[in-house]
Amino acid sequence: MARSSSAVLAVAVLVAVAFVTAPSFVAPPLARAGDLDFRAAALGAAGLAPLAVEQPAMAYDSVVAMLQSWLVGGTVLTVIFAAAIIAAAANPLTKRRQEVQNMMKK
């Protein structure tokens with residue numbers, strides 16, 4: 001009995017070692033020195049394009065202007081959240097589910 005379990009253990013260890021040492025990623029073949037990848041250059045240019053159109057940093061004229069911008073931003077966010085809450089409350093599927101649930105209780 002001991003020999004069969006030790007053989008199974010040895011096979012399990014060999015399988016584990018094979019899985020651990022097997023390559024998990026095979027790199028693509030390297031390009032020759034004369035080959036250019038224009039896709040990489042285009043992606044790089046597209047990624048750096050917003051930096052070419054950058055605007056200068058704007059400072060607030062006063063604390064009042066800064067506070068006004070915070071108030072406008074807060075108001076816009078409040079309106080967006082209110083619209084989302086109203087949309088969630090006015091969901092017809094939820095209302096129908098509640099109606100069916102009430103009918104099932106009766």
Side-chain angles (χ1 to χ4, degrees):
M1 186 77 172
R3 286 187 180 178
S4 66
S5 66
S6 65
V8 170
L9 180 64
V11 169
V13 167
L14 287 175
V15 169
V17 167
F19 277 123
V20 170
T21 58
S24 60
F25 176 75
V26 178
L30 295 175
R32 293 184 299 249
D35 293 343
L36 293 177
D37 190 7
F38 291 109
R39 290 177 298 167
L43 288 175
L48 295 174
L51 297 176
V53 218
E54 105 181 60
Q55 300 293 321
M58 301 293 233
Y60 288 106
D61 295 338
S62 65
V63 174
V64 174
M66 181 181 66
L67 292 176
Q68 285 175 344
S69 72
W70 277 90
L71 286 172
V72 169
T75 304
V76 168
L77 281 177
T78 303
V79 168
I80 290 171
F81 282 123
I85 290 170
I86 290 171
N91 187 355
L93 290 176
T94 303
K95 288 183 176 182
R96 179 66 183 143
R97 286 187 193 117
Q98 289 172 350
E99 289 175 8
V100 171
Q101 189 176 16
N102 289 336
M103 287 174 40
M104 296 295 280
K105 287 180 182 178
K106 291 181 181 178

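For reference, positions follow the sequence shown, starting with 1.
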Residues clustering with M104 (ILVMFWY side chains joined when closer than 4.5 Å, directly or via others) = V100
request  = Calculate, to the nearest 0.5 Å, the distance between atoms CD1 and CD1 belonging to I80 and I85 respectively.
outcome  = 12.0 Å
Euclidean distance, T94 OG1 relative to Q101 CD, rounded to 0.5 Å = 11.5 Å
ask   = Can you list the other members of the hydrophobic cluster that holds V15, where links are side-chain heavy atoms under 4.5 angstrom apart?
value = V11, F19
Side-chain donor-acceptor pairs of residues 64-77 under 3.5 Å, sequence neighbours excluded:
| residue | atom | partner | partner atom | Å |
| --- | --- | --- | --- | --- |
| S69 | OG | Y60 | OH | 3.1 |
| S69 | OG | M66 | O | 2.7 |
| T75 | OG1 | L71 | O | 2.7 |

task = Report the residues that fulfil side-chain hydrogen bond (donor to acceptor under 3.5 Å, both in side chains) with E99, sequence neighbours left out, ordered by chain and then residue number.
result = R96
query = In Å and rounded to the nearest 0.5 Å, what is the CD1 to CG distance from I86 to N91?
reply = 13.5 Å
request  = Determine which pairs satisfy salt bridge (charged side-chain N to carboxylate O under 4.0 Å, His left out) with at least one residue from residues 67-88, sequence neighbours left out, and list them in order.
outcome  = none
remark   = Applied to residues 80-89, the side chain to side chain donor-acceptor pair (under 3.5 Å) test, sequence neighbours excluded, yields none
